[in-house]
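Chain naming here is simple, since letters A, B, ... match the order of the sequence lines and numbering starts at 1 in each.
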Protein chains: 2
Amino acid sequence: MGDLFSDTPSWLATYQPGQTIFDEGDPASHMYRVESGCVRLQVNGVDGARQIISFLFRGELFGYAVGSRQIAAEAVNETVVRCWSVSSILALGTRRPEVAVELVRVADRQFGSVAQHLQRVARLTAADRVRWFFSGLVSCDGLHRRGGHLDLPMMRRDIADYLGLTPETLSRSILELEEDGFLARKGRKGFCLHGPSLELKVKSLDELKIVSRERQHVIS
Amino acid sequence: MGDLFSDTPSWLATYQPGQTIFDEGDPASHMYRVESGCVRLQVNGVDGARQIISFLFRGELFGYAVGSRQIAAEAVNETVVRCWSVSSILALGTRRPEVAVELVRVADRQFGSVAQHLQRVARLTAADRVRWFFSGLVSCDGLHRRGGHLDLPMMRRDIADYLGLTPETLSRSILELEEDGFLARKGRKGFCLHGPSLELKVKSLDELKIVSRERQHVIS
DNA sequence: CGACAGATTGATCCGTCTCAAGCGTGGTGG
DNA sequence: CCACCACGCTTGAGACGGATCAATCTGTCG
């Protein structure tokens, strides 16, 4: 997938924790791919009511917009990204239409993810939102796994802003899940998941099957 | 914009109120554009907790996915859509890359809209969500305007599912906005807006005047 | 080994949901 | 054309979940 863009000049850039990659309203001059670390896409409300739209890990594309930025991107921890200029990507898309098709595919998948996110935040209770968050992480590549447990790059405030909760409620919900045996805390950012990984694995397998089937269909 | 696809075979289809255009999990076989009426994109939770992602009016494209549907589309009222087959659009994109670029542009804009939607639903009070909903409608083309007032195609339950509220709370919030002089009800689906067009104008001005540059930190 | 930022815990309040009745509007049939 | 009917909308009372404000704790890093 990255090979699609290998014809086009790119370079690496590194960002420190909390550093802004681009902001709302900026002209969309570059496209990025996470090489290591974690990026958060977010909407910064006028009154400081931040909503995190998604966390991006190794291999994920972002910022492939035409026009001006509708959302902001910030580094969660120390992060390395590969950069392309949007104009060169568009030029590449003109020569090789499969590049543009790939961008449409990625954009549609991310659209679906945000739609699911919206449904969860609007309809689930606090504990269920936290459960959903952790379930989504087990199928996430590019995340530190030491021993049997995850090592999250983001702090509580980030997770709370992702799930539409306050840090206090998030803390109480995590405690509840721990008492239920859903997870165990290992230090501040370490978590060990127990029951539910099954459900998520089935879901991600389904997605993989669908994607691969569709790839074949498109190619043939 | 519609002219972009005029090379490609298309046809019209009519849907009755509440009729499904496509469902979650369906293979993405067609792309659509609303000719008249209103379409809702939605996520149907397993327990029937429906979340409406967006309402689409005349001129808006939807369903240009690659792969399987992540969300469902239903007609709100009697709706006419123009249909293209996805394969013919992809073929067109191969011949005319500007078509694919246009799809990326539309996909990105809709991604930004959902992100904003998520921020509002997660952070705003009931009354402010309703205010935002109506403010968004005044700048919406393809909506019945008789005299000085809007004629909405959707019923309360749809608006509630869009804003993440119950119909009861929605009703109380509308009453509150009416008492504040923000809007006036004209029958069941008619509304007359007063204050809010100002806010919308400010927002679009902001989008125009921002010229800041993205921050680059090249390391190789 | 401190010290500080971030995380947790506690008590209380407020907003929205829920359940339950009425009401009005728009459509239908006589 | 009018009366009726049914569905959707509104209104009300009560309960509950999450937010808020405040204090304490703890992991991480210097």
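Distance A/Ile159 CD1 to C/dA7 C1': 11 Å, rounded to the nearest Å. For B/Glu179 and D/dT10, the CD to P distance is 13 Å, given to the nearest whole Å. A/Ile174 places its CD1 atom 13 Å from the C1' atom of C/dG6, with the value rounded to the nearest Å. In this structure, A/Met155 places its CE atom 13 Å from P of D/dC29, rounding to the nearest Å. Between the CZ atom of A/Arg157 and the C1' atom of C/dA5 there is a distance of 14 Å, rounded to whole Å. Distance CG (A/Asp158) to C1' (C/dG6): 12 Å, rounded to an integer number of Å. Between B/Glu178 atom CD and D/dC9 atom P there is a gap of 15 Å when expressed in whole angstrom units. Between the C1' atom of D/dA19 and the CG atom of A/Leu170 lies a distance of 14 Å, rounded to the nearest Å.
In this pair, B/Phe133 and B/Phe55 present their aromatic rings perpendicular. The plane angle is above 60°, beyond the 30 to 60° band. Between A/Trp11 and A/His30, the ring planes lie perpendicular to each other; the angle is over 60°, past the 30° to 60° tilted range.
The CZ atom of B/Phe57 sits 4.0 Å away from atom SG of B/Cys38, with the distance rounded to the nearest 0.5 Å. The line from CD1 of B/Ile174 to CZ of B/Arg156 is 4.5 Å long, rounded to the nearest 0.5 Å. One finds the NE2 atom of A/His117 at 11.5 Å from the CD1 atom of B/Ile53 (value rounded to the nearest 0.5 Å).
No hydrogens or angles considered: a donor-acceptor pair under 3.5 Å links the side chains of A/Gln42 and A/Glu74.
Between D/dT26 and A/Arg188, no contact under 4.0 Å exists linking OP1 or OP2 to a side-chain N or O.
The aromatic ring centres of B/Phe62 and B/Tyr32 sit less than 6.0 Å apart.
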Next on the checklist: Between B/Arg123 and A/Asp161, does the side-chain contact (heavy atoms from CB on, under 4.5 Å) criterion hold? Intermediate values first, please.
Outcome noted: CA-CA 10 Å; B/Arg123 303 296 176 197; A/Asp161 285 350; 3.2 Å; yes
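Note that the two end axes of the helix from C/dC1-D/dG30 to C/dT16-D/dA15 enclose an angle of 30°, each drawn from 5 base pairs, rounded to 10 degrees.
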So which protein nitrogen or oxygen atoms get under 3.5 Å of nucleotides 9-16 of chain C's nitrogens or oxygens?
unit_1	atom_1	unit_2	atom_2	d
C/dG10	N7	A/Arg172	NH1	2.8
C/dG10	O6	A/Arg172	NH2	3.4
C/dT16	OP1	B/Ala126	N	2.7

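In this structure a side-chain-to-backbone donor-acceptor pair under 3.5 Å is present from B/Arg129 to B/Leu163.
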